[in-house]
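Taking it in order: structure first as structure tokens, then the write-up.
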Amino acid sequence: MNLIVEKLKTLYFQITNKEYEFKLDEKLVDDLGMSSVVFVYLMLLIEEEFNIDVYHTVYDQFKTVSDLVNFIIKEQEKNQL
């Protein structure tokens, strides 16, 4: 899980050039100030970095960093089946 958080932190920095700690309970909009454009771009990078499909994903389900991490873990597990 920590590896995923570190990768998310790196991807976010690539987009915004801002460094954040990326704690699991941080809210994407309220704490990180993530705009919808940044979020969509982040999701595209997540898709590429973690080799998962985000095409049919409903983005408003992601409120916190933990939501993103759990989604990535779940999708990676599906891909291993």
Side-chain angles (χ1 to χ4, degrees):
M1 183 176 288
N2 289 337
L3 181 60
I4 293 173
V5 172
E6 286 302 313
K7 285 185 179 184
L8 287 174
K9 186 176 169 181
T10 301
L11 295 175
Y12 190 71
F13 180 77
Q14 285 178 332
I15 299 166
T16 65
N17 207 28
K18 295 178 185 175
E19 290 192 31
Y20 285 99
E21 194 58 35
F22 262 72
K23 297 176 186 165
L24 290 174
D25 62 343
E26 284 185 310
K27 292 182 172 80
L28 301 175
V29 175
D30 296 338
D31 297 330
L32 298 175
M34 194 177 298
S35 71
S36 58
V37 173
V38 169
F39 182 75
V40 169
Y41 190 31
L42 178 64
M43 291 303 289
L44 294 173
L45 291 177
I46 286 171
E47 182 175 49
E48 185 178 302
E49 177 72 28
F50 296 99
N51 195 30
I52 59 177
D53 182 20
V54 299
Y55 181 72
H56 296 290
T57 303
V58 178
Y59 290 164
D60 66 350
Q61 69 180 318
F62 304 111
K63 305 292 184 213
T64 65
V65 172
S66 180
D67 294 338
L68 279 175
V69 171
N70 290 331
F71 169 75
I72 292 167
I73 291 170
K74 185 176 91 176
E75 290 301 309
Q76 286 180 325
E77 288 173 352
K78 275 201 279 186
N79 287 344
Q80 292 177 356
L81 296 176

Just distance, no hydrogens or angles: give the donor-acceptor pairs under 3.5 Å from side chains in residues 73-81, sequence neighbours left out.
| residue | atom | partner | partner atom | Å |
| --- | --- | --- | --- | --- |
| Glu75 | OE2 | Lys78 | NZ | 3.0 |
| Asn79 | ND2 | Asn51 | O | 3.0 |

Could you go through residues 16-24 and list every donor-acceptor pair under 3.5 Å that involves a side-chain atom there, pairing it with any protein atom two or more places apart or in another chain?
| residue | atom | partner | partner atom | Å |
| --- | --- | --- | --- | --- |
| Thr16 | OG1 | Tyr12 | O | 2.9 |
| Thr16 | OG1 | Lys18 | N | 3.1 |

Please list, one pair per line, the donor and acceptor atoms closer than 3.5 Å that link side chains of residues 52-63 to other protein atoms, with sequence neighbours excluded.
| residue | atom | partner | partner atom | Å |
| --- | --- | --- | --- | --- |
| Asp53 | OD1 | Tyr55 | N | 3.0 |
| Thr57 | OG1 | Val54 | O | 3.2 |
| Gln61 | NE2 | Val58 | O | 3.1 |
| Lys63 | NZ | Asp60 | O | 2.8 |

Do Ile72 and Val69 have side chains that get closer than 4.5 Å, going by heavy atoms?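 Sidechains of Val69 and Ile72: no contact.
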
Any side-chain heavy atom of Leu28 sitting closer than 4.5 Å to one from Val65?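 When only atoms from C-beta onward are counted, Val65 and Leu28 do touch, with a gap below 4.5 Å.
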
Under the rule for side chain to side chain contact (heavy atoms under 4.5 Å, CB included), what residues qualify as partners of Glu49, not counting sequence neighbours?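 Glu49 satisfies side chain to side chain contact (heavy atoms under 4.5 Å, CB included) with Lys7, Leu11 only.
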
Please tabulate, for side-chain N and O atoms in residues 29-45, each donor-acceptor pair with protein atoms closer than 3.5 Å (sequence neighbours left out).
| residue | atom | partner | partner atom | Å |
| --- | --- | --- | --- | --- |
| Asp31 | OD2 | Lys27 | N | 2.7 |
| Ser35 | OG | Val38 | N | 3.2 |

Point-to-point distance, once rounded to the nearest 0.5 Å, from CD of Glu6 to CG of Leu8: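 Rounded to the nearest 0.5 Å, the CD-CG separation comes to 9.5 Å.
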
Please name all residues satisfying salt bridge (charged side-chain N to carboxylate O under 4.0 Å, His left out) with Glu26, sequence neighbours left out, ordered by chain then number.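 Residues passing salt bridge (charged side-chain N to carboxylate O under 4.0 Å, His left out) with Glu26: none at all.
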
